[in-house]
Amino acid sequence: MPAIVLVGAQWGDEGKGKATDLLGGDVDYVVRYQGGNNAGHTVVIGDKSYALHLLPSGVLSPEVVPVIGNGVVIDPAVLLQEIDGLRDRGVSCERLLISANAHLIMPHHRALDKVTERYLGKARIGTTGRGIGPTYADKINRMGIRVQDLFDPNILTQKLDLALREKNQVLTKVYNRRRIDTGPIVQEYLAYGERLKPFVADTTLILNKALDDGKVILLEGAQGTLLDLDHGTYPFVTSSSPTAGGACAGSGIGPTKINRVIGIIKAYTTRVGSGPFPTELLDEQGEYLRTTGGEYGVTTGRDRRCGWFDAVIARYATRVNGVTDYFLTKLDVLSGLERIPVCVAYEVDGARVDELPTTQTEFHHAKPILEYLDGWREDITGAKKFEDLPENAQAYVRALEEMSGCRISAIGVGPGRDQTLSLRPLV
């Protein structure tokens with residue numbers, strides 16, 4: 001049975017948690033394949049809202065096995081706090097599996113993340129300060145500490161000593177911060193290891209065997225396409241690969257075993273952090289989208305920057321990810337608008353550009369070319385099928401479908417688990 005990838009098609013915060021939860025009844029495993037606790041998914045079930053940061057959204061579905069893949073970077077204190085918080089609310093995490101090869105966020109990663117962002121000033125990237133970037137940097141530099149190291153005190157001590165030999169020099173001599181001692185950190189992390197040990201497994205082996213046995217696996221990315229390290233708006237990106245290609249490396253599932261890529265795309269556009277954003281609204285319309293859509297970061301609480309739908313980005317995401325189906329979220333937020341602008345192309349130095357500009361300079365200078373679609377005033381949160389939507393809402397969806405170059409197979413008309421219109425099966 002092939003695997004399915006779920007990927008954000010904008011700058012993140014598109015509603016991936018809602019989509020994963022919706023598919024939970026049709027899949028056997030949900031795998032988080034990249035990122036850390038710099039991302040968050042919100043899932044609303046009835047009158048309860050769950051904010052997840054490291055745990056895959058599938059943890060809320062009783063029959064699903066949630067998996068944290070090798071491509072994720074884990075802050076064990078945050079993960080255990082999240083597990084405990086769900087347990088206190090009656091949600092069991094006993095099925096959770098964690099890759100032994102996932103890398104760990106250490107105290108020096110968090111310290112360096114925060115101080116370097118402050119040092120950059122106006123040139124800062126806009127990170128969450130949770131140590132994700134420095135952890136991935138150490139992974140690439142072959143200085144990382146992995147989950148499996150928690151079970152060998154000697155290896156953990158050796159690796160941490162080696163890392164702090166360099167990091168303490170930077171913290172104390174460059175940034176005038178306190179040095180970090182190995183001993184207390186080793187003891188703290190060994191205690192985390194004791195609690196996490198029952199969950200740790202060879203997840204790559206388990207997942208491939210599950211596929212051989214006919215199980216359905218959903219690979220869940222964090223952030224979004226435009227935050228991808230290679231394919232995003234570099235350098236204002238995350239430190240991993242949220243795109244569909246990253247799902248293979250971050251889970252150990254080969255590309256020939258993936259047959260569907262579901263892109264999650266919002267009916268307008270949002271972004272958190274620094275970097276170019278052609279359709280951004282810095283007026284009352286932007287504030288309307290922010291307040292009506294509840295556009296505040298799940299992890300940070302920061303206001304999200306808001307703008308109109310960007311079809312250039314949508315086409316790019318379709319191409320880079322090989323998207324087969326789109327899940328359009330938050331259509332209900334646009335209810336009440338007389339006309340709805342949509343960015344169909346950019347103007348760069350006086351010329352029309354229909355695809356994402358090649359260079360960072362061009363993208364920074366891109367101005368949106370807008371077309372206006374008729375809006376609707378009806379409340380659509382109670383719609384049960386596509387035909388229940390007002391004609392103008394249907395026309396808006398069809399226009400976005402054509403502009404994006406990919407079919408829209410599901411539509412979110414509210415935050416609830418039952419507020420989704422299914423145009424065709426996603427599994």
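Numbering of residues begins at 1 and proceeds along the displayed sequence.
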Side chains of Cys306 and Thr270 in contact at under 4.5 Å (non-hydrogen atoms):
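With C-beta onward as the side chain, the pair touches.
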Let me confirm one number: the CD1-OG1 distance from Ile132 to Thr238, rounded to the nearest 0.5 Å.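 Reported value, rounded in 0.5 Å steps: 7.5 Å.
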Contacts satisfying side-chain hydrogen bond (donor to acceptor under 3.5 Å, both in side chains) that involve residues 209-219 (not counting sequence neighbours) are none
Salt-bridged, Asp13 to Arg304, with N to O below 4.0 Å?
yes
Q.
Looking at His53, is its backbone amide N or carbonyl O close enough to the side chain of Glu82 to form a donor-acceptor pair, meaning the two atoms are under 3.5 Å apart?
A. yes
Applying salt bridge (charged side-chain N to carboxylate O under 4.0 Å, His left out) to Glu14 and not counting sequence neighbours gives Lys16
For residues 340-351, which side-chain donor-acceptor pairs fall under 3.5 Å, sequence neighbours excluded?
| from | atom 1 | to | atom 2 | distance (Å) |
| --- | --- | --- | --- | --- |
| Tyr346 | OH | Asp310 | OD1 | 3.2 |
| Tyr346 | OH | Asp310 | OD2 | 2.6 |

Q) Does a salt bridge link Arg110 with Asp113, judged by any charged N lying under 4.0 Å from a carboxylate O? A)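 Salt bridge between Arg110 and Asp113, a charged N being under 4.0 Å from a carboxylate O: no.
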With sequence neighbours left out, the residues meeting ring-ring contact (aromatic ring centres under 6.0 Å, His included) with Tyr189 are Tyr192
- Query: Does Gln10 offer a backbone N or O that forms a donor-acceptor pair with the side chain of Thr225 under 3.5 Å?
  - Reply: no
*asked:* Looking at Lys266 and Lys330, would you say the former's side chain and the latter's main chain have a donor-acceptor pair under 3.5 Å?
replied: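 Judged by distance alone, no pair lies under 3.5 Å.
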Whether Arg315 side chain and Asp354 backbone form a donor-acceptor pair below 3.5 Å
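Confirmed, Arg315 side chain pairs with Asp354 backbone.
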Do the side chain of Asp88 and the main chain of Gly85 share a donor and acceptor less than 3.5 angstrom apart? no
Can you tell me if Asp332 uses its side chain to pair, donor with acceptor, with the backbone of Ile380 under 3.5 Å?
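Checking the backbone N and O of Ile380 against the side chain of Asp332, no donor-acceptor pair under 3.5 Å is found.
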Is there a donor-acceptor pair closer than 3.5 Å between any side-chain N or O of Arg177 and the backbone N or O of Leu112?
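Side chain of Arg177 to backbone of Leu112, a donor-acceptor pair under 3.5 Å: no, none is there.
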Side-chain donor/acceptor pairs under 3.5 Å, residues 391-399, sequence neighbours excluded:
| from | atom 1 | to | atom 2 | distance (Å) |
| --- | --- | --- | --- | --- |
| Asn392 | ND2 | Gly375 | O | 2.8 |
| Gln394 | NE2 | Leu389 | O | 2.9 |
| Tyr396 | OH | Ala267 | O | 2.7 |
| Arg398 | NH1 | Glu401 | OE1 | 3.1 |

Donor on one side chain, acceptor on other, Asp228 and Thr243, under 3.5 Å: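 Asp228 vs Thr243: donor-acceptor pair found between side chains.
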For Asp283, the side-chain contact (heavy atoms from CB on, under 4.5 Å) test, sequence neighbours excluded, returns Leu281, Gln285
- Query: Just how far is it from atom CZ of Arg142 to atom CD1 of Ile140, taken to the nearest 0.5 Å?
  - Reply: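 Nearest 0.5 Å value for the CZ-CD1 distance: 9.0 Å.
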With Ala9, which residues qualify under side-chain contact (heavy atoms from CB on, under 4.5 Å), at least two apart?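 Here the qualifying residues are Ile265, Ala317, Tyr326.
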When Lys167, His109, His108 are each screened for side-chain contact (heavy atoms from CB on, under 4.5 Å) with Pro134, the one that passes is His109
Residue pairs meeting ring-ring contact (aromatic ring centres under 6.0 Å, His included), one or both in residues 253-285, sequence neighbours left out, come to Trp11-Phe277
Please output the side-chain donor-acceptor pairs of residues 96-106 that fall under 3.5 Å, not counting sequence neighbours, one pair per line with the distance.
| from | atom 1 | to | atom 2 | distance (Å) |
| --- | --- | --- | --- | --- |
| Ser99 | OG | Asn101 | N | 3.1 |
| Asn101 | OD1 | Arg146 | NH1 | 3.3 |
| Asn101 | OD1 | Gln148 | NE2 | 2.7 |

Could I get the full list of salt bridge (charged side-chain N to carboxylate O under 4.0 Å, His left out) partners for Arg339, not counting sequence neighbours?
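Arg339: no salt bridge (charged side-chain N to carboxylate O under 4.0 Å, His left out) contacts found.
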Any donor and acceptor pair, going by atom type alone, linking the side chain of Asp388 with main-chain N or O of Lys384 inside 3.5 Å? yes
May I have the list of side-chain donor-acceptor pairs in residues 402-413 shorter than 3.5 Å, sequence neighbours left out?
| from | atom 1 | to | atom 2 | distance (Å) |
| --- | --- | --- | --- | --- |
| Ser404 | OG | Leu400 | O | 2.7 |
| Arg407 | NE | Thr324 | O | 3.4 |
| Arg407 | NE | Asp325 | OD2 | 2.7 |
| Arg407 | NH2 | Asp325 | OD2 | 2.9 |
| Ser409 | OG | Asp325 | OD2 | 2.7 |
| Ser409 | OG | Arg424 | NH1 | 3.2 |

Side chain to side chain contact (heavy atoms under 4.5 Å, CB included) between Ile253 and Tyr33: does it pass, once the steps are laid out? CA-CA 10 Å; Ile253 293 174; Tyr33 62 82; over 6 Å; no
**Asked** Just by modelled atom types, is the Tyr296 backbone N or O under 3.5 Å from a matching donor or acceptor in the Arg290 side chain?
**Response** no
Practice problem: Sequence neighbours left out, what pairs pass ring-ring contact (aromatic ring centres under 6.0 Å, His included) with at least one residue falling in residues 196-232? | Solution: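 Applying ring-ring contact (aromatic ring centres under 6.0 Å, His included) to every pair that reaches into residues 196-232, excluding sequence neighbours, yields nothing.
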